[in-house]
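Okay, structure first, notes after.
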2 protein chains.
Amino acid sequence: MKFNNEKLKIDGIDKKILRFLMADARKPVLEIARSIGISGAAIHQRLRKLEASGLLAGSKFVINAKVMGYTTMAYVGIYLDKAMSNPVAVKQLEKVPEVLECHYTTGDWSILVKVLCRDNEHLMQVLNNEIQQIEGVSRTETFISLAQQIDRQITI
Amino acid sequence: MKFNNEKLKIDGIDKKILRFLMADARKPVLEIARSIGISGAAIHQRLRKLEASGLLAGSKFVINAKVMGYTTMAYVGIYLDKAMSNPVAVKQLEKVPEVLECHYTTGDWSILVKVLCRDNEHLMQVLNNEIQQIEGVSRTETFISLAQQIDRQITI
DNA sequence: CGTGAAACAGATGCGGC
DNA sequence: GCCGCATCTGTTTCACG
């Protein structure tokens, strides 16, 4: 991806718009307009500009996974055999729906993944039957998140 | 939070609606209606039901932090002194805007946080001047994410 | 549950300043 | 850049099957 991010200037009004929409992507533009005392058309123009700049990477509905019975979140550090290339392992991890994030990290492990499971038993199955079955995975270290106490985006 | 999640039944139509909105929270309900061949009013009713069930936890605009010059993401494992209670430390971590997530974890550390910084130098400042200055923090271990290769929500 | 119609509200494009 | 206006589209409610 290439963006024209060299001239990207975000002024106070842009920031206000972004803060509103980061908290609620469905907030009507006209409502935001009234809140910050500017016309709806102006907000619209600014949003087009921000979108063109690549700063706006879309919007998401947030699902409360707990209500769906997914209560166990964990981070898993994965050690790969020297022979195993990272992209090949990632391709396998993509096929595991419980894997929500995957990072290529410095430090002890080759890969750090975040997984979301229904319960500890489900987590065990994902570890044993999915992740550790991937070729090249030699060992894993699991850290269960007993509570997620902060969850937010970058502060604008 | 308590929800009436005992009777929560999600059928195929609900799943389709959710999949559309999880990918793009601003997608018009009428467009979804046309895609799946049902009236707009029906989608609207289902969304109200899903919202009341607590499954819908809002929506967010996603910001591309790279365009804002934030290119260094890292996970930091934090060791707390025995005397230090977790909630007190979390309260301090909340004040650090670079901290995006904070998990109370099993395993070696007391806390695992995700931080997003402009560059390695900024990360170093956050570690030395912010996180390690928090009372009760004895030691940290940092894992820089060289690349985030998967980033998604729960699969419906 | 679903539908279609009606009333309301928001989105979008444009000329003008 | 912003505004106001006109038009189009989407949202929301409601009575009914």
Side-chain angles (χ1 to χ4, degrees), chain A residues 1-64 67-69 153-156, chain B residues 3-64 67-69 153-156:
Chain A
M1 271 184 274
K2 250 233 160 160
F3 298 115
N4 50 333
N5 44 355
E6 295 164 30
K7 291 184 190 172
L8 186 57
K9 284 192 186 145
I10 312 240
D11 68 9
I13 295 176
D14 289 324
K15 286 183 187 171
K16 281 185 186 172
I17 298 170
L18 288 173
R19 277 194 281 257
F20 275 115
L21 289 172
M22 284 168 76
D24 176 7
R26 286 184 82 88
K27 184 152 213 137
V29 165
L30 284 179
E31 234 177 77
I32 299 171
R34 286 189 289 266
S35 297
I36 70 183
I38 200 175
S39 78
I43 306 261
H44 197 250
Q45 284 168 18
R46 282 164 175 271
L47 279 175
R48 285 172 139 266
K49 183 195 69 184
L50 289 170
E51 200 169 1
S53 77
L55 183 66
L56 264 54
S59 60
K60 291 196 161 71
F61 242 83
V62 182
I63 298 297
N64 185 342
V67 176
M68 293 199 57
Q153 279 198 78
I154 186 173
T155 303
I156 303 267
Chain B
F3 298 116
N4 50 334
N5 44 355
E6 295 164 31
K7 292 184 190 173
L8 185 58
K9 285 191 184 143
I10 312 241
D11 67 9
I13 295 176
D14 289 325
K15 286 183 188 172
K16 281 185 186 173
I17 298 170
L18 288 173
R19 277 194 282 256
F20 275 115
L21 290 172
M22 284 170 76
D24 176 8
R26 287 183 80 89
K27 182 152 213 137
V29 165
L30 282 179
E31 234 177 75
I32 299 171
R34 287 189 289 265
S35 298
I36 71 183
I38 201 176
S39 77
I43 306 261
H44 195 250
Q45 282 170 22
R46 282 166 176 271
L47 279 175
R48 283 171 141 265
K49 185 195 68 184
L50 289 170
E51 199 168 4
S53 77
L55 183 65
L56 264 53
S59 60
K60 292 198 160 71
F61 241 85
V62 182
I63 298 297
N64 184 343
V67 175
M68 293 199 57
Q153 279 198 79
I154 187 173
T155 303
I156 304 267

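Below, each value reflects all heavy atoms present in this structure, side chains not excepted, and no hydrogens, waters or symmetry copies. Here is the naming used below: chain letters follow the sequence lines, and residue numbers restart at 1 for every chain.
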Could you state the [atom1]-[atom2] distance from [X] to [N], rounded to the nearest angstrom?
{"X": "B:Glu31", "N": "C:dA11", "atom1": "CD", "atom2": "C1'", "result": "13 Å"}
{"X": "A:His44", "N": "D:dC5", "atom1": "NE2", "atom2": "C1'", "result": "15 Å"}
{"X": "B:Gln45", "N": "D:dA15", "atom1": "CD", "atom2": "P", "result": "13 Å"}
{"X": "A:Lys9", "N": "D:dG1", "atom1": "NZ", "atom2": "P", "result": "9 Å"}
{"X": "A:Ile32", "N": "C:dA9", "atom1": "CD1", "atom2": "C1'", "result": "15 Å"}
{"X": "A:Ile43", "N": "C:dA9", "atom1": "CD1", "atom2": "C1'", "result": "16 Å"}
{"X": "B:Leu21", "N": "D:dG10", "atom1": "CG", "atom2": "C1'", "result": "14 Å"}
{"X": "A:Ile17", "N": "D:dC2", "atom1": "CD1", "atom2": "C1'", "result": "12 Å"}

Inset, instruction - Applying salt bridge (Lys or Arg N to Asp or Glu O under 4.0 Å) between B:Asp14 and each of B:Lys9, B:Arg46, B:Arg19, report the one that passes. - result: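 Between B:Asp14 and the candidates, salt bridge (Lys or Arg N to Asp or Glu O under 4.0 Å) is satisfied uniquely by B:Arg46.
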
Inset, instruction - Measure from the side-chain heavy atoms of B:Ile38 and tell me the nearest of D:dG10, C:dG10, C:dT3. - result: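 Of the candidates, C:dT3 comes closest.
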
Inset, instruction - Compare the minimum distances between each of D:dG10, C:dG13, C:dG10 and the side chain of B:Leu30, then state the nucleotide with the smallest one. - result: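 Nearest nucleotide to the side chain: D:dG10.
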
Less than 3.5 Å apart, which donor and acceptor atoms pair up between the side chains of residues 30-44 of chain B and the rest of the protein, not counting sequence neighbours?
{"residue": "B:Ser35", "atom": "OG", "partner": "B:Glu31", "partner atom": "O", "Å": "3.0"}
{"residue": "B:Ser39", "atom": "OG", "partner": "B:Ala42", "partner atom": "N", "Å": "3.2"}

Legend entry - Closest non-hydrogen atom pair, A:Lys27 against B:Arg26: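 Heavy-atom minimum between the residues: O-NH1, 3.7 Å.
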
Inset, instruction - Would you name the heavy atoms of A:Glu51 and A:Leu56 that are closest together and state the gap between them? - result: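 Smallest interatomic distance, heavy atoms only, reads CA-CB, 4.2 Å.
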
Inset, instruction - Ignoring backbone atoms, establish whether B:Arg48 has a side-chain N or O less than 4.0 Å from OP1 or OP2 of D:dT13. - result: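 Yes, B:Arg48 has a side-chain N/O under 4.0 Å of OP1/OP2 on D:dT13.
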
Inset, instruction - Determine the contact category for A:Ala42: base if any of its heavy atoms lies under 4.0 Å from a base atom, sugar-phosphate if only primed atoms, P, OP1 or OP2 are that close, otherwise nothing. - result: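 Sugar-phosphate: the residue A:Ala42, judged by heavy atoms under 4.0 Å, touches backbone atoms but no base.
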
Legend entry - Toward the 5' end of DNA chain D, by each residue's nearest nucleotide, A:Arg26 or A:Arg46: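 First, find each residue's nearest nucleotide; the 5'-ward one identifies A:Arg46.
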
